[in-house]
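As structure tokens, the structure follows; a few thoughts come after it.
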Amino acid sequence: MSSIETDMESVRHERTNRLAIDGGEPVRTAPLPWELPGAHWIGEEERVLVERVVLARSPFRFYGLDPQHMVDTLERDWCEAYGHKHALAVSSGTAALAVAVAALEIGPGDEVLIPGYLWVSCVSAVVRNGAIPRLVDMDATYCMDPADVARKIGPHTRAVLCVHMSGAPGHIEQIAAICKARGVKLIEDCAQAAGASINGTAVGRFGDIGIFSFQLNKNMTSGDGGSTEGKTGSSCTKS
Ligand SMILES: Cc1ncc(COP(=O)(O)O)c(C=O)c1O
């Protein structure tokens, strides 16, 4: 490469790696929908599949006149997409969180680290299982500060519940490394971040269990619903 090309390359690199607010290339030129992002994506594919279920008169997953096994397909596709062994479709993200904590057999006397910025279901899932939520500071990602995670892990900590808020992944690679080194489980709450990735890896793949929500105000929606997927043996399907 000539020196001019090298300079141009470094300018390009600078522009694409700088935030738009600092003069970098904007990722988007038109704003995303203000609300209900998943609803904006509902289209022909969804219409065809919903119609199939309606025409089969079989809206229940387990039995009916002619079940279409859509939920089985979702669970299978989810496992494939996230590289986990098990996926369990449940009624909501709130239920998925409760299932995740129960699947790890976390209960009375155990502590779960949670971020200071979250959705109330993150706290209720821990409390519902009889365990103690312990707050961790957030950093500029609006997610947990890895340094504070390392500081707060104590003798009773069984898991870290990392919440990727507003579709923006936290420092999940560092948090996963800390959890591994300290022997605690990692649950990723991806309710607001289905489809988000960091360094090419989707959030939900870093932890032992990932949870998702398909509620109306999420990236991917069925109106309501959730899913828990994990690599921890039979724990997900057991719950
Ligand atoms: C971060 C987070 N976790 C969990 C949930 C719970 O999902 P659901 O509304 O499907 O119960 C939400 C919902 O807003 C959320 O934002």
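Residue numbers run from 1 in the order of the sequence given. Indexing begins at 1, ligand by ligand and atom by atom, following the structure's order.
- With sequence neighbours excluded, the residues forming a ring-ring contact (aromatic ring centres under 6.0 Å, His included) with F60 are F62, Y63, listed by chain and number.
- N199 and T201 share no side-chain donor-acceptor pair at under 3.5 Å.
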Can you give each donor-acceptor pair under 3.5 Å made by side-chain atoms of residues 33-41, sequence neighbours left out, with the distance rounded to 0.1 Å?
from: H40; atom 1: NE2; to: E35; atom 2: O; distance (Å): 3.4

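- Distance alone, capped at 3.5 Å, is enough to place a donor-acceptor pair between the T221 side chain and the Q215 backbone.
- Between F214 and W78, the two ring planes are perpendicular [angle over 60°; tilted spans 30° to 60°].
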Donor-acceptor list for residues 143-154 side chains, cut-off 3.5 Å, not counting sequence neighbours:
from: D145; atom 1: OD1; to: A147; atom 2: N; distance (Å): 3.1
from: D148; atom 1: OD1; to: R151; atom 2: NE; distance (Å): 3.1
from: D148; atom 1: OD1; to: R151; atom 2: NH2; distance (Å): 3.2
from: D148; atom 1: OD2; to: D137; atom 2: N; distance (Å): 2.8
from: D148; atom 1: OD2; to: K152; atom 2: NZ; distance (Å): 2.8
from: K152; atom 1: NZ; to: L135; atom 2: O; distance (Å): 3.3

What does the contact table look like for ligand 1 (nitrogen or oxygen on each side, cut-off under 3.5 Å)?
from: ligand 1; atom 1: 3 (N); to: D189; atom 2: OD1; distance (Å): 3.3
from: ligand 1; atom 1: 3 (N); to: D189; atom 2: OD2; distance (Å): 2.7
from: ligand 1; atom 1: 7 (O); to: S213; atom 2: OG; distance (Å): 3.4
from: ligand 1; atom 1: 10 (O); to: G93; atom 2: N; distance (Å): 2.8
from: ligand 1; atom 1: 10 (O); to: S213; atom 2: OG; distance (Å): 2.7
from: ligand 1; atom 1: 11 (O); to: G93; atom 2: N; distance (Å): 3.4
from: ligand 1; atom 1: 11 (O); to: T94; atom 2: N; distance (Å): 2.9
from: ligand 1; atom 1: 11 (O); to: T94; atom 2: OG1; distance (Å): 2.5
from: ligand 1; atom 1: 14 (O); to: K218; atom 2: NZ; distance (Å): 2.8
from: ligand 1; atom 1: 16 (O); to: Q192; atom 2: NE2; distance (Å): 2.8

